[in-house]
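The structure appears right after this line, and notes come after that.
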Amino acid sequence: MKDEIFEVLNPENQRVGEAPRQIVHASGLYHRSVHVFIFNSTGEVLVQQRAPSKDICPGAWDVSVAEHAKPGECGYQTALRGVREELGVEVTVSLLADFRLNQFEYPERGVKDFEFVQTYQAVHDGPFTLDPVEVAGARFITMQELLKSAHEAPGGFTPWLHRDLS
């Protein structure tokens with residue numbers, strides 16, 4: 001994870017270079033990621049619990065998949081790769097929301113996470129093969145239950161999940 005290379009962007013979401021993940025997050029450099037919401041055939045959404053070893057929001061509940069883009073990769077490719085790597089399944093994704101800027105800072109971890117995010121959706125009922133390096137657990141939940149849980153225990157969910165739900 002720490003050896004990952006990210007494209008570095010300017011504030012207008014244009015590529016200006018590349019840098020290692022650690023430098024990008026320590027310096028607050030702009031980069032790209034995707035969020036994927038996976039729904040089952042009854043309309044419940046899959047949420048994942050981030051692995052305890054994650055550098056940002058360890059153990060928090062998150063969108064179905066949150067994945068950083070690799071250099072030269074479009075959002076669609078990033079979404080497909082992220083689902084395959086984190087959940088072990090192949091899906092078809094469709095764009096829900098084009099780029100928006102998420103800016104979150106975690107001073108206690110020395111992280112400034114400034115991402116241009118695209119959001120996708122997919123349908124899959126499972127089963128899933130979770131990557132234990134990335135994902136501690138996953139479960140389907142109704143959107144109503146998710147909104148209620150995120151409201152009642154906001155610290156148990158990633159800030160970008162809160163933003164995506166707003």
Side-chain angles (χ1 to χ4, degrees), residues 1-7 13 21 25 31-104 106 111 113-166:
M1 192 176 351
K2 290 182 180 175
D3 294 335
E4 284 181 285
I5 299 295
F6 293 169
E7 284 184 334
N13 194 17
R21 172 192 180 106
H25 280 163
H31 56 289
R32 290 189 184 128
S33 71
V34 301
H35 294 170
V36 182
F37 284 92
I38 297 180
F39 296 90
N40 64 17
S41 56
T42 63
E44 295 172 312
V45 64
L46 184 74
V47 290
Q48 68 155 273
Q49 185 177 29
R50 294 171 62 82
S53 60
K54 297 294 283 183
D55 62 338
I56 301 172
C57 298
W61 287 96
D62 199 356
V63 299
S64 307
V65 172
E67 186 69 35
H68 286 106
K70 292 185 177 198
E73 197 174 53
C74 72
Y76 179 80
Q77 293 167 318
T78 303
L80 295 177
R81 179 178 53 77
V83 171
R84 185 175 51 254
E85 290 177 2
E86 293 183 18
L87 303 178
V89 296
E90 301 289 333
V91 297
T92 300
V93 296
S94 59
L95 185 65
L96 272 178
D98 210 355
F99 292 111
R100 72 177 182 178
L101 181 60
N102 281 348
Q103 292 182 295
F104 300 107
Y106 309 92
V111 172
D113 195 18
F114 296 174
E115 298 179 329
F116 286 100
V117 181
Q118 288 180 302
T119 304
Y120 291 83
Q121 68 178 354
V123 176
H124 199 286
D125 287 320
F128 300 101
T129 303
L130 306 180
D131 176 355
V133 173
E134 299 282 336
V135 184
R139 65 186 173 106
F140 281 107
I141 185 172
T142 67
M143 191 58 76
Q144 182 179 4
E145 290 172 309
L146 177 57
L147 290 167
K148 182 179 183 223
S149 295
H151 177 73
E152 290 175 351
F157 296 85
T158 63
W160 51 90
L161 175 61
H162 285 287
R163 175 139 186 213
D164 284 350
L165 292 175
S166 63

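A donor-acceptor contact shorter than 3.5 Å is absent between the side chain of Tyr76 and the backbone of Val93. Put simply, the side chain of Ser64 gets close to the backbone of Ile38: a donor and an acceptor are under 3.5 Å apart. Although no hydrogens or angles enter the test, the distance criterion places no donor-acceptor pair under 3.5 Å between the side chain of Gln118 and the main chain of Val34. A donor-acceptor distance shorter than 3.5 angstrom exists from the side chain of His31 to the backbone of Phe114, with no hydrogens or angles considered. In this structure, Asp125 contributes its side chain and Ser41 its backbone to a donor-acceptor pair below 3.5 Å.
The distance from the CD atom of Gln48 to the CZ atom of Arg139 is 12.5 Å, given to the nearest 0.5 Å. The CZ atom of Phe140 lies 8.0 Å from the OG1 atom of Thr42; values are rounded to the nearest 0.5 Å. Glu134 contributes atom CD, which lies 7.5 Å from atom CZ of Arg50 (distance to the nearest 0.5 angstrom). Taking OG1 of Thr158 as the reference point, atom CG of Asp164 lies at 7.5 Å (rounded to 0.5 Å).
Between Cys57 and Trp160, some side-chain heavy-atom pair lies under the 4.5 Å cut-off. Contact annotation: the side chain of Phe37 approaches that of Leu161 to within less than 4.5 Å [non-hydrogen atoms, C-beta and beyond].
Residues in residues 71-83 take part in these salt bridge (Lys or Arg N to Asp or Glu O under 4.0 Å) pairs, two or more places apart or across chains: Glu67-Arg81, Glu73-Arg81, Arg81-Glu85.
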Let me have the donor-acceptor pairs involving side chains of residues 145-156, under 3.5 Å, with sequence neighbours excluded, atom names and distances please.
from	atom 1	to	atom 2	distance (Å)
Glu145	OE1	Thr142	N	3.0
Glu145	OE1	Thr142	OG1	3.0
Ser149	OG	Glu145	O	3.0

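For Gln77 against Gly72, the heavy-atom pair with the smallest separation is OE1-O, 4.1 Å. A pairwise comparison of heavy atoms in His124 and Glu90 identifies CD2-O, 3.8 Å as the closest pair. Residues Thr92 and Ala122 approach most closely at O-CB, 3.4 Å, considering heavy atoms.
A ring-centre distance under 6.0 Å is found for His25 and Phe6.
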(request) Please lay out, stage by stage, how Asp55 and Arg21 fare under the test side chain to side chain contact (heavy atoms under 4.5 Å, CB included). (result) CA-CA 11 Å; Asp55 62 338; Arg21 172 192 180 106; 2.9 Å; yes
